[in-house]
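In what follows, a structure is listed as structure tokens, so that the remarks can point back to it.
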Amino acid sequence: MFREKIKVLDCTIRDGGLINNHDFNHQFVRAVYKALSEAGIDYMEIGYKNSKKLFSPKEFGIWKFCDDEDIKKIIDGINSKLKISVMVDVDRVDIDDVKPRKDSPVDMIRVASYVKDIDKGIFLANHFNDKGYETTINIMAISRALDNELTECLHQLEEECRAGVIYIVDSFGSLYQETTEFLVKKARGILKTKEVGFHAHNNQQLAFGNTIEAIIHGANYVDGTVYGLGRAAGNCPLELILGFLKNPKFDIRPVLDLISKEFIPLRDKIEWGYIIPYAITGILDEHPRAAIALRDSDKKENYREFYESLVAEDED
């Protein structure tokens with residue numbers, strides 16, 4: 001529970017932005033930044049760095065793009081050691097939009113890549129590393145990766161990629177304890193010069209348990225979100241991670257205040273967290289998009305029909 005190397009990254013605004021098209025106002029984001037700073041969190045992922053050539057600013061909020069000037073408005077005047085992270089997706093970022101680290105308030109860039117795109121992911125991570133940023137590769141939908149392909153991917157990352165951290169990402173909330181242990185051990189066995197991170201989704205209410213499991217087996221970077229905010233079933237709750245870790249640099253109290261003041265009212269406006277349709281997609285190792293669509297329909301509580309529709313698709 002106490003291991004000084006463990007770093008906690010909060011991705012509340014980035015992952016939570018998938019619910020509301022990244023349209024959190026400055027007051028809310030600044031409140032999160034202030035609370036995380038006081039709580040001693042290591043990194044705050046404030047959103048995506050997506051290309052405005054591919055995504056219209058008229059359709060998405062500012063945290064879809066994370067312009068440096070918008071980030072500066074959030075952090076201005078707050079004395080904090082909290083580092084800022086942004087995420088980029090393979091094929092969705094214009095690398096020329098990203099300034100050198102010395103000219104930006106961003107400290108870390110995390111590259112999200114599927115195993116099949118790992119060559120592109122390595123190129124991006126190395127490019128941003130050369131610009132002075134801390135970098136990670138987040139291996140998305142790892143539950144769908146074939147073992148031999150993942151083995152090759154990890155060896156390639158070790159040999160060719162300059163990212164400091166490689167994340168195992170349970171995109172569909174489908175992993176169990178044993179598979180989490182297997183994946184972390186596998187990654188640590190191959191990645192001799194890098195740290196291993198873990199990012200969990202809560203479809204089966206296993207995000208926190210699997211995060212603990214990852215920590216036990218040597219993952220030193222772990223993700224969470226305040227009150228579990230995130231697309232569909234949400235993520236590992238940050239407050240639970242802070243309650244588990246015994247490092248005295250962390251203080252859960254500012255996060256509890258933040259939940260009371262900002263996140264309880266937010267629950268009346270947007271939906272996230274464990275509900276049956278998201279549990280079903282987790283059980284079946286499916287992307288939650290079908291469950292999200294169900295929740296926007298007039299059949300939102302017809303769980304059996306939804307389950308049988310997904311099972312029928314798998315049988316086809």
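Please read all numbers here as calculations on a predicted model, not as lab measurements. Index from 1, following the sequence.
Between His22 and Tyr48, the ring-plane angle classifies as perpendicular under the 30° and 60° cut-offs.
Remark: Glu239 engages no residue in a salt bridge (charged side-chain N to carboxylate O under 4.0 Å, His left out) (not counting sequence neighbours). Not counting sequence neighbours, Arg289 has no partner by the salt bridge (charged side-chain N to carboxylate O under 4.0 Å, His left out) test. Applying the side-chain contact (heavy atoms from CB on, under 4.5 Å) criterion to Asn25, with sequence neighbours excluded, gives Gln27, Phe28. By the side-chain contact (heavy atoms from CB on, under 4.5 Å) test, Ile283 pairs with Gln204, sequence neighbours left out. The ring-ring contact (aromatic ring centres under 6.0 Å, His included) test applied to His155 returns no partner, not counting sequence neighbours. Evaluation of the side-chain contact (heavy atoms from CB on, under 4.5 Å) rule for Glu305 yields Lys299, Asn302 as partners, not counting sequence neighbours. With sequence neighbours left out, the salt bridge (charged side-chain N to carboxylate O under 4.0 Å, His left out) criterion links Lys52 to Asp67. In this structure Asp285 satisfies the salt bridge (charged side-chain N to carboxylate O under 4.0 Å, His left out) test together with Arg144, sequence neighbours excluded. By the side-chain contact (heavy atoms from CB on, under 4.5 Å) test, Ile19 pairs with Leu229, Ile270, Trp272, sequence neighbours left out.
There is a side-chain donor-acceptor pair under 3.5 Å between Glu45 and Ser85. Checked by atom type, the side-chain pair Asp119/Gln156 shows a donor-acceptor distance below 3.5 Å.
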Problem set entry | Val90 and Leu124: CA distance, side-chain angles, deciding distance, side-chain contact (heavy atoms from CB on, under 4.5 Å) verdict | CA-CA 8 Å; Val90 165; Leu124 288 174; 4.2 Å; yes

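Residue Lys53 forms a salt bridge (Lys or Arg N to Asp or Glu O under 4.0 Å) with just one option from Asp97, Asp94, Asp91, Asp96, and that option is Asp94.
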Let me check something: any side-chain donor-acceptor pairs from residues 192-199 under 3.5 Å, sequence neighbours excluded? List them with distances.
{"unit_1": "Lys192", "atom_1": "NZ", "unit_2": "Gly189", "atom_2": "O", "d": "3.1"}
{"unit_1": "Thr193", "atom_1": "OG1", "unit_2": "Glu158", "atom_2": "OE1", "d": "3.1"}
{"unit_1": "Thr193", "atom_1": "OG1", "unit_2": "Glu158", "atom_2": "OE2", "d": "3.0"}
{"unit_1": "Lys194", "atom_1": "NZ", "unit_2": "Cys161", "atom_2": "O", "d": "2.5"}
{"unit_1": "Lys194", "atom_1": "NZ", "unit_2": "Ala163", "atom_2": "O", "d": "3.2"}
{"unit_1": "Glu195", "atom_1": "OE1", "unit_2": "Asn220", "atom_2": "ND2", "d": "3.0"}
{"unit_1": "His199", "atom_1": "ND1", "unit_2": "Asp223", "atom_2": "OD2", "d": "2.7"}
{"unit_1": "His199", "atom_1": "NE2", "unit_2": "Asp15", "atom_2": "OD2", "d": "3.3"}
{"unit_1": "His199", "atom_1": "NE2", "unit_2": "His201", "atom_2": "NE2", "d": "3.1"}
{"unit_1": "His199", "atom_1": "NE2", "unit_2": "Asn235", "atom_2": "ND2", "d": "3.2"}

Donor-acceptor pairs are to be reported for all side-chain atoms of residues 75-84 against protein atoms at under 3.5 Å, with residues two or more places apart or in another chain.
{"unit_1": "Ser80", "atom_1": "OG", "unit_2": "Ser37", "atom_2": "OG", "d": "2.7"}
{"unit_1": "Ser80", "atom_1": "OG", "unit_2": "Leu82", "atom_2": "N", "d": "2.9"}
{"unit_1": "Lys83", "atom_1": "NZ", "unit_2": "Glu134", "atom_2": "OE2", "d": "2.8"}

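Sorted by first and then second residue, the ring pair (Phe, Tyr, Trp, His ring centres under 6.0 Å) pairs with a member in residues 161-186 read Phe172-His287; sequence neighbours excluded.
Contact check on Lys73 versus Glu69 returns no salt bridge, with no Lys/Arg side-chain nitrogen under 4.0 Å from an Asp/Glu carboxylate oxygen.
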